[in-house]
**Student:** 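One structure, as structure tokens, below. Some questions next.
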Amino acid sequence: MITDRQTETGQGRVNQLGGVFINGRPLPNHIRLKIVEMAAAGVRPCVISRQLRVSHGCVSKILNRYQETGSIRPGVIGGSKPKVTTPDVEKRIDDYKKENPGVFSWEIRDRLVKEGVVDKASAPSVSSISRILRGGKRDDDPRKDHSIDGILGECPTVLIHCLHSPPHTAPIVPHTLPP
DNA sequence: TCCGTGACGGTTGAA
DNA sequence: CCTTCAACCGTCACG
């Protein structure tokens with residue numbers, strides 16, 4: 001059985017501060033907004049944490065992210081990175097390297113094409129190959145920089161303006177609907 | 001007391 | 001359609 005007051009749906013959980021959250025899922029947008037609003041208004045993080053009943057670790061993280069990226073939104077969850085090479089191709093590259101550790105990337109590319117492992121047109125770039133050679137890692141991760149910070153309409157001036165409205169009015173969320 | 005950090009248990013979604 | 005698995009989540013506890 002689960003402790004605390006969980007909702008019937010089993011989704012809601014309550015943290016040490018009495019705040020509701022859903023484990024594994026981002027905080028709702030209006031709370032993220034509020035955190036940034038308050039910080040912009042000069043409220044200390046510890047106060048924000050207590051008042052909104054969000055763990056200080058989370059407040060810290062969200063504020064930090066906002067400072068770095070200018071975005072209120074959580075990162076992109078789930079899915080896999082688009083792969084430029086198939087697992088099969090990666091294995092071949094690995095094999096070639098094992099046979100001849102000093103091999104150049106362009107040589108590998110040539111060989112992949114020559115042996116018909118890949119089509120000439122769709123062959124991985126030399127830099128892709130060298131990346132695979134180097135790390136055995138995945139290709140580079142431009143995921144974060146891809147984030148488009150404009151789409152939310154989260155202009156700080158708007159946030160501050162929100163803040164100035166009387167506390168009893170409903171929080172004005174500028175149509176920030178997650179897909 | 002405040003806050004940065006990372007382990008932890010969790011969910012997600014393209015491949 | 002089902003499974004994988006690396007990405008992110010917020011909370012908690014430590015320092």
Side-chain angles (χ1 to χ4, degrees), chain A residues 1-95 112 117-119 121-125 127-152 154 156 159 163 171 173 176-179:
Chain A
M1 166 205 175
I2 39 262
T3 58
D4 288 331
R5 311 134 74 323
Q6 280 203 248
T7 63
E8 306 304 305
T9 62
Q11 298 185 43
R13 289 167 69 107
V14 178
N15 65 21
Q16 290 179 328
L17 296 144
V20 178
F21 70 102
I22 300 172
N23 201 0
R25 299 296 304 149
L27 280 178
N29 196 277
H30 68 272
I31 293 181
R32 310 178 82 86
L33 235 194
K34 200 77 191 169
I35 290 172
V36 173
E37 278 178 14
M38 292 174 74
V43 182
R44 314 217 79 150
C46 61
V47 176
I48 296 173
S49 170
R50 282 191 288 255
Q51 205 156 307
L52 298 183
R53 308 209 181 286
V54 172
S55 66
H56 87 264
C58 184
V59 170
S60 175
K61 191 164 156 181
I62 288 175
L63 250 26
N64 224 306
R65 185 195 293 274
Y66 180 65
Q67 204 171 304
E68 288 172 11
T69 69
S71 174
I72 296 297
R73 305 176 108 192
V76 177
I77 303 172
S80 356
K81 290 183 256 179
K83 295 198 70 170
V84 292
T85 55
T86 66
D88 187 53
V89 171
E90 284 188 16
K91 191 182 182 309
R92 293 299 277 268
I93 293 174
D94 231 42
D95 286 346
L112 286 173
V117 179
V118 296
D119 182 56
S122 61
S125 66
S127 58
S128 287
I129 294 174
S130 68
R131 239 179 282 122
I132 292 166
L133 248 35
R134 212 185 317 131
K137 295 288 186 183
R138 306 302 185 198
D139 55 87
D140 69 312
D141 180 28
R143 249 206 257 200
K144 291 186 174 168
D145 289 316
H146 264 219
S147 85
I148 18 28
D149 12 355
I151 64 175
L152 189 62
E154 51 201 348
L159 302 187
L163 216 228
V173 181
T176 60
L177 274 193

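Numbers restart at 1 for each chain; the letters A, B, ... are given by sequence-line order, proteins then strands.
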**Student:** The side chain of A:Lys61 lies closest to which of these nucleotides: B:dT12, C:dG10, B:dG4?
**Tutor:**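 Per side-chain heavy atoms of A:Lys61, the pick is C:dG10.
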**Student:** Under a 3.5 Å limit for both distances, which nucleotide forms a Watson-Crick or G-U wobble pair with B:dC2, could you say?
**Tutor:**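 When the pairing criteria are applied, nothing turns out to pair with B:dC2, so the answer is none.
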**Student:** Taking only side-chain N and O atoms of A:Arg32, does any of them lie within less than 4.0 angstrom of OP1 or OP2 on C:dG10?
**Tutor:**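 So the side chain of A:Arg32 is within the cut-off, an N or O lying under 4.0 Å from OP1 or OP2 of C:dG10.
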**Student:** Rounded off to whole Å, could you give me the CG-to-C1' distance for the A:Asn29 and C:dG10 pair?
**Tutor:**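 Atom-to-atom, A:Asn29 to C:dG10, this comes out as 16 Å.
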**Student:** Write down the distance between CD1 (A:Ile35) and C1' (C:dG10), rounded to a whole number of angstrom.
**Tutor:**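 Checked: the CD1 to C1' distance equals 10 Å.
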**Student:** Can you name the one residue among A:Leu27, A:Val54, A:Ile72 that meets side-chain contact (heavy atoms from CB on, under 4.5 Å) with A:Ile62?
**Tutor:**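 In the set A:Leu27, A:Val54, A:Ile72, the residue that makes a side-chain contact (heavy atoms from CB on, under 4.5 Å) with A:Ile62 is A:Leu27.
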**Student:** Under 4.0 Å from any atom of DNA chain B, heavy atoms only: list the residues of residues 50-58 of chain A that qualify, in numerical order.
**Tutor:**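 DNA chain B contact set from residues 50-58 of chain A: A:Arg50, A:His56, A:Gly57.
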**Student:** In whole Å, I'd like the distance from the CZ atom of A:Arg73 to the C1' atom of C:dA7.
**Tutor:**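 Those two atoms, CZ and C1', are 17 Å apart.
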**Student:** In whole angstrom, give the distance that lies between atom CG of A:Leu63 and atom P of C:dG10.
**Tutor:**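 Those two atoms, CG and P, are 13 Å apart.
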**Student:** Which nucleotide in the list B:dC3, C:dG10, C:dC9 gets nearest to the side chain of A:Ile62?
**Tutor:**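 The answer is C:dG10.
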**Student:** Could you tell me if the side chain of A:Leu52 sits less than 4.5 Å from the side chain of A:Val59, heavy atoms only?
**Tutor:**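 Result no, sub-4.5 Å side-chain heavy-atom pair not found.
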**Student:** Does C:dC9 have OP1 or OP2 sitting under 4.0 Å from an N or O in the side chain of A:Arg65?
**Tutor:**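 Affirmative; the distance criterion is met.
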**Student:** Salt bridge between A:Lys34 and A:Glu37, side-chain N to carboxylate O under 4.0 Å?
**Tutor:**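 Salt bridge between A:Lys34 and A:Glu37, a charged N being under 4.0 Å from a carboxylate O: yes.
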**Student:** Would you compute the distance between atom CG of A:Leu63 and atom SG of A:Cys58 and round it to the nearest 0.5 angstrom?
**Tutor:**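 Nearest 0.5 Å value for the CG-SG distance: 10.0 Å.
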**Student:** To the nearest Å, give me how far apart CD (A:Glu68) and P (C:dC8) are.
**Tutor:**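 Whole-Å distance recorded here is 13 Å.
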**Student:** Counting only non-hydrogen atoms, which of residues 15-27 of chain A are less than 4.0 Å from DNA chain C?
**Tutor:**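 Under 4.0 Å from DNA chain C: A:Asn15, A:Gln16, A:Phe21, A:Gly24, A:Arg25, A:Pro26, A:Leu27.
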**Student:** What is the separation between atom CD1 on A:Ile31 and atom P on C:dC9, rounded to the nearest whole Å?
**Tutor:**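 Computing the A:Ile31:CD1 to C:dC9:P distance gives 15 Å.
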**Student:** Please state whether the base of B:dA15 and the side chain of A:Ser80 form at least one donor-acceptor pair under 3.5 Å?
**Tutor:**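 Between B:dA15 and A:Ser80, which were checked side chain against base, a qualifying N/O pair under 3.5 Å is absent.
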**Student:** Can you name the nearest heavy-atom pair linking A:Phe21 to A:Val14, along with the distance?
**Tutor:**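 Residues A:Phe21 and A:Val14, closest heavy atoms: CE2-C, 3.8 Å.
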**Student:** Quick one: A:Ile77 CD1 to B:dA14 P, roughly how many Å, whole number?
**Tutor:**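 Distance check: A:Ile77 CD1 to B:dA14 P gives 12 Å.
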**Student:** Would you indicate whether the side-chain heavy atoms of A:Pro74 and A:Arg32 approach each other to under 4.5 Å?
**Tutor:**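 A side-chain contact exists here, since the closest heavy-atom pair is under 4.5 Å.
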**Student:** Do A:Arg25 and A:Ile77 have side-chain heavy atoms sitting under 4.5 Å apart?
**Tutor:**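 A:Arg25 vs A:Ile77: side chains touch.
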